[in-house]
Structures are given as C-alpha cells and as structure tokens.
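For reference, the structure discussed in these notes is given below.
On a predicted model such as this, the values are computed, not experimentally measured, just so you know. Below, read A as the first sequence line, B as the second, and so on, with proteins coming before strands; counting in each chain starts at 1. Any value given below was found using the heavy atoms of this structure, including those in side chains, with hydrogens, waters and symmetry copies removed.
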Amino acid sequence: MTSLLPLLSTAQVTPGEVEAPLGPQVAFWVLAALTVVGAMLAVTRRNLIGAVMSLVASFFGLAGLYLLLSAHFLAAIQVLVYAGGIMVLFVFVVMVLNQEEAEPWALRHVFGLALGVAAAVYLAVRLGQLLWAAGPGGGELASRLRIREGAPPQGYGTVAAIGDYFFTEFLFPFEAVSILLVIAVVGAVVLARTTVAKATTVYELPPGEVDLRQPQHDARDEVLGVLGHHAQAANRPGGGH
Amino acid sequence: MSFDLEDLRRTAPLLLLSAAGLVLLLLEAFSRVRLIGRHYHKKLPPETSEAYAVPLAGSRTYLMPLTVLFLAAALGLVVWLWPEAAEPHYLYRRMLVLDRFGLLLSGVCITAAAIGALGAPAYLREQRMEFGEYYALLLLSLAGMVMLVSAADLVSLLLGVETMSLGAYVLTGSWRRSPRSSEAAMKYFLMGAFVSAILLYGIALIYGSTGTTELAEVRAHLSEMRSAPVFYLGMFFLLAGLAFKIAAVPFHMWAPDVYEGAPTPVTGFMMAAVKTAAFGGLIRLCVGGLTSGRVPEVSTGPTGWVNVLFVLSALSMTLGNLAALRQENIKRLLAYSSIAHAGYLLVGVVALGVVGDAARAPLIYYLLGYAVTVVGAMAVVAALAMGPGQERLPIEQWAGLGQRHPAMALAMTLFLLSLGGFPPTAGFFGKFYLFRAALQNPSLLLLVLLAIVNSLVSVYYYLRIVTAMYFRTPQEEEVEGHVPAAQGALRLAVLLAALLVLGLGVWPGWAATVAEAAKLAG
C-alpha cells in the first residue's frame, strides 16, 4: 500500500526534505499546543460545558494541523462533523443529563493503587531509557520541523483523492466500518430502550431485580441508556455493589 | 476493479456471518410487530401494574436454531476454504489475508459461539431477559473476530477489535434488570473506549515511524524506521491495547467484574471467543508485523515485545492464580482463572518470538482446548441457575450437586480438571505441548517453571469446587418447585463441550496435526 504523503516530520533527515520556513514552524507549534491543551482541559475541567468547549478548541487545532498537512478536505470535515455536529450532540447530552458530578470510580484498594503506581513508574523508566538512548539534545527527535521539498502532488487532499482511496486501497475498511456502525446503533437501542416491548406474559418480580417501571426510571434514562441506568443503580441503597 | 472478485469468495465466512446478523435483526424487527398485534389486547391481564412484563416469552424460539444453523454454515465455509488456504492469499488490497492460521482461529471462535448459543435460550428465558438482538449481536461480534484473526493491516485489525468489542459491551449490559450487568457493561465500555484510543494512537505512531500500516510492510521497514522512540512507543501502545482484550495483568482490572456481571452465556462467549480472537490479533501483530530477522532487537532486544510479554505473562499467571484462590463466587473464580490462562497462553506467544514457528501449533491447540472448556463450564453454570435472578454462584451452593445433578456435576468436574491441566483432558495435553515447545529455548526455563508451579497452585481451587460437589452435603434444599433450566439444547451444549474436551485430550493427534498445518502468512 502506498503511504499518504507525510509533509511534516520530526524524524531523521531524509533526502528530499528541507527545514520548514518560519511560518509553518510557528503555525505547527501553536496548533499543536491548542490541540493538546484543549484536550487536557477537556478531561480535567469539572464543569462539563467548559470541558466540552475545550474539546471544540482541540478539534479546531486538529483541523488546522490537517490544513498544514495539505489535507484540506479532512480539515473541513473535521470542523463540520466533529467541531460542529458531534459537539452539538455532546452539549445536548450534557444539558439533558444535568446531574450532580460525582467521582466515576476511585481506586479503592491500596493493592490496585500500588500496582498502578508501579506500572506507571516502570513505564516512565522504560520510556526515559528509550528517549535517553535517542541521545541528549534531541537526537532523532529533532526540534525543527522538516518538510518535503516541492509542492504536493496535483489533487492531494481533495475530495476526489480521498474518494479514490476509499474505493480502492481502503475499500475493505470502508465497508467494514458499516458493520461496526450497525452493531453500535443496534447495541445503543438494546441498552437504551426502557420497556421491554408490550407483554403477553406476566411474571412476579423476583427478589433482587429492579422494576423497570418504577418512577425513578424516567425519560432521562432513555437518552442516557446504560449511563443513566448505572447512576440509578449506584444511587439506590445497596445497589451497584 | 479495485479488488479481485475472488476475494469475495475467500472471505465467505465473514460475509456469511455479517449477512446472518442482519437477517436475524430483520426477523426480530418484523416478528415483534406482528406478534404484538396478535396477542397484546387479548392476553394482557389487568393486574400488570403489580408485575412486570417480558417480551413475548417463548415466541421467538426459532432464532436460536437459526443462529446455530448459520454458525454451522460458517464453519462449513471455513472447512471449504481450508485446502485453498494452504498458500496465503492477500485480499482487498492486502487488508485481509486468507491463511490457515486465520481460518482455524475463526473456526475456534465460531465453534465456541455455537456451543454458547445452544445453551443461551434456556438461560435467557429463565432469567426473563430474552431478546432477539442477542443472536444478531453475537453474529456481528463474531464477524469482527473473523476480521481480527485474518487482519493483514493495522486498519483491519483495529476494525476487527472494535466490532468484536462493541458486541461484547452490549451483550454484557443486556441483562437490564440486573444492576451488576449494567455496572459491568459501563466499566467494560469506558475502559474499552479508552483502550481503543490507545490502540489507535499506537497505530498512528507506527505509521509515523515506518510510513505504512500494513503488517508485512511494517516488518519490511523495521530496519529503516524513521524514529525508534516513536516506533517503540507505538508498539507498547498496541501491546497494551491487545493485552487489555486478553485480560492480562496489569490490564485485567475490568475482567472479574465484567465476567461476573455479564449474563452467564455471554461470559462464556467472552472468555472463549473474544480471548481467542484477541490472541489471534496479538500473534498476527507480533509475528506478522514485529518480527524480522534483520532487526532482531524489535522482538528479542531489551525493549522488544518478547520482554514485554514475558513480564505480562509472569504477572498474569501469578496474580490471576493468587486472586482466584480467595474467590467464593464461581464466576469470579473462573474470571481470575481466565486471567491466569492468559498468562499461560502468553508463554506461547513469547515462545513464538524466541523459539519461532515451533510454538505455533501448541499455542493454537491450547487456545482451542481452553475455548471449549470455558464455554462448557459456563454452560453448566447457566444450567444450574436456581430461578430468576438466582444463579448458583457461591461455591457452598455447589455442595451435594454430585447426587442431585450427577450429569452436570460430572461435566463440570471434567471442565475443571481440564482447566487445572489433568490428563486425559484437553487442558493437560495443551499445557504439556505448550511448555515443551517453550523449553526448546533455555532462556524460557524460568517462565515455564513459574507456569508449572502456578498450574499446581491452581489445582487447589479447581478441586475445591469438585470436592464441594461430591463430598459435602447440601446446606439447603432446592428452591420449591423449581425445575433447573438444564433441558434440551443446554444439555446438548454441555455434552458437546464435554465430548470436545475429552476428545482433544484422549486423541490429541488430530487436533495437533490440524494446528501444525495452520501456518501463518508471511
């Protein structure tokens, strides 16, 4: 398979590459910072709307990086679909949710905590070794960006080029994604539907089970699906462990 | 034409499974509407406000036989493609590969799913959680597994992992009235989504350093990678992602809760099929993409994948077994045992890197033996449930089952002996064959010794259940008037699994020959 053309690279000097001019250099670092900081704020902010807005910033930064790579179409899609559609969905869900924020789950066991710390330290040491082996002062991780000489090939990054990839090189993934989407949609419906259809047979409620028609099971659960169900289970005394 | 039309024929099992999943979905959709129209007003009693309703119990009994039929047909297609796969064929512009390794592992997953599906309806009906999408999700998830074990490219590997996992998440949470099931699905999904991001990031980093996502091309470009730190980081991320799917320590935290909370047939399906497929993907990645004679340090160097998996293997079997010793709940016990078995299986993957191709057949044999054993064990657990919402989980409730359900107790004993590695079961020969292959290289002596010590330790908790069943008197009587669901198809499922476990153990030759023939492409 031919690789997509990487225009920016922080790797070894290869023939046909030159150091990028100041403009792209500055643009890259600013956009990269925007992307990473936005993503970090998205997971650290306690305020959900704030987190979602940080994610929008991150998505815009990513779109800018795509532009820098001459992937115009991808950049436009990134803005339209992610910064646009997906974010609207997120905001809707957050507003419908409107719930008290709670710690999702804490590491309750000292053993787990110790194991986690040990794994993190181990990972950090091994990564440090690797980066050290790459040499102080950068080595292979060059600090300056290089770009490939000359203009990208005609039509690179356009709708036509991407369509061409979808229907030739990447035909199989393109089709396989549809199976993935079917299973995701069906799964969401299975988990989110409230009542289990209309009944023809009726049973007594066995002990230890939740009656789905109790008042606590309200319209919010339909939107949240398993999320709401989980919160509901955790709120009930004795529920969820 | 962007691909050879022959490719369609060569991916027939995958196409059949996907199409069958869609057919079952449609059947489900149409059957429900019609049946509601016919029965709803006539039969709904007035006192429904004091009870709760289940969907049309028993009205869709044809779904399970149909599913098993589809699975049998898929298995038939696997057998049909077997002679052709002697030589590897790359499909869809080298996105997938048809080789005997992928075919055999697909066959293992399909067989495990078929045995699990046979036993499912009795359990689902008893637990009042029947729903038609169960089988469709099962089949689509299986399609993901087939994709995963025949992936020739990191893109199709990721798509396979995702399709397989999404099905598993939903099936885990499908027991809507059980808070544990929802909690398990929630944990599994959140951690799984996180792991998907890690996998994807790993693929991006590998692409960044080698310029390709195709496994064979990655291997060819190992010697000229553009940035070693970026490559190794990508490799660690990929290994971490797949280690999560096989539930290896320290990526196992989800496993006990998920395996316990999921409906029992789903637990069996996940322990057997998901694990087998994830191992298939791991082997494809490590052997097909990350092992090159010209650049040995990627596999056997200090930061190579062999070392990483060596550590994961030692941790998984030790911690899995130690935790299993203390469990009182049979599903949790088998969950920890499953973590320990991931450790034994990783010995095989490590051996693949150190010893080479000689470890492939033992590893496949072990996967097959383990898959049929756990799927059978979970079918027994499902069969012995004591009523809606009352599974027979604490081990003390298994006391005296040898007298009350002699056939089920006998089958369970067989499965537990196989898990513990006693002759003449699949588990014994699997361990023997695998450890012997690993010992071809003296550097693995320590790991194999650890595995043997761990196997001996594990005998304690497997035999604890057996002793409870045969040598302890039951504490309480059966629930009044309850007939265990162990009827018909569920019994057949247990019987099939038991026959396979015994057959593999008594005549290991045929399976070993097939596994020997199941060569990896490239």
Side-chain angles (χ1 to χ4, degrees), chain A residues 1 3 6 9-12 14 104-105 112 115-116 119 123 126-127 129-131 133-134 140-141 167-173 176-177 179-180 182-184 186-187 190-191 195-213 226-227 229-230 233-234 239-241, chain B residues 2-3 18 22 25 32 36 39-40 43-45 48 51-57 92-96 128 131 133 136-137 140-141 143 147 155-156 159 162-163 166-167 169-170 173-174 176-179 182-183 185-186 209 211-212 214 217 226-229 232-233 250 253 303 387-389:
Chain A
M1 196 204 324
S3 61
S9 162
T10 53
Q12 282 169 350
T14 37
W105 58 67
L115 197 69
L123 197 67
R126 290 317 273 281
L127 282 179
Q129 279 178 341
L130 266 178
L131 293 176
E140 292 182 52
L141 285 177
F167 289 101
T168 55
E169 296 280 335
F170 292 92
L171 180 70
F172 177 75
V177 161
I179 302 180
L180 184 71
V182 165
I183 201 168
V186 172
V190 166
L191 290 179
T195 50
V196 266
K198 301 288 186 280
T200 55
T201 322
V202 175
Y203 297 98
E204 292 285 305
L205 186 67
E209 292 198 7
V210 185
D211 189 341
L212 283 183
R213 295 177 303 105
V226 66
L227 193 71
H229 203 67
H230 176 76
H241 271 306
Chain B
S2 61
F3 64 94
S18 326
L22 298 181
L25 269 183
R32 165 166 297 179
I36 289 170
H39 298 291
Y40 175 44
K43 286 200 178 171
L44 201 66
T48 22
Y52 74 92
V54 297
L56 308 173
Y92 303 114
R93 301 268 181 128
R94 301 179 73 85
M95 278 290 163
L96 293 183
R128 314 265 193 273
F131 65 106
E133 292 91 347
L137 288 169
L140 290 177
S141 179
M147 227 186 279
V155 175
S156 36
L159 281 173
E162 286 303 292
T163 311
L166 274 172
Y169 303 147
V170 178
S174 59
R176 295 275 321 276
R177 279 187 300 280
S178 155
S182 296
E183 182 188 336
M186 183 75 184
S209 57
T212 175
E214 192 193 326
E217 286 290 302
R226 291 163 67 91
S227 168
Y232 281 108
L233 203 55
M253 295 298 184
T303 49

Would A:Thr168 and B:Arg93 count as a side-chain contact (heavy atoms from CB on, under 4.5 Å) here? Give the steps. CA-CA 8 Å; A:Thr168 55; B:Arg93 301 268 181 128; 4.0 Å; yes
Looking only at heavy atoms, which two atoms of A:Pro173 and B:Leu159 are closest? And how far apart? CA-CD1, 3.4 Å
If we check side chain to side chain contact (heavy atoms under 4.5 Å, CB included) with A:Val182, which of these qualifies: B:Leu25, B:Thr163, B:Leu137, B:Leu166? B:Leu25
What pairs with B:Ser18 under side chain to side chain contact (heavy atoms under 4.5 Å, CB included), at least two apart in sequence or on another chain? A:Ile179, B:Leu14, B:Ala143
Consider side chain to side chain contact (heavy atoms under 4.5 Å, CB included). Of A:Leu191, A:Ile183, A:Val186, which one does B:Val170 pass it with? A:Leu191
Kindly write out the residues that satisfy ring pair (Phe, Tyr, Trp, His ring centres under 6.0 Å) with B:Tyr169, not counting sequence neighbours, or none if the list is empty. B:Tyr188, B:Phe189
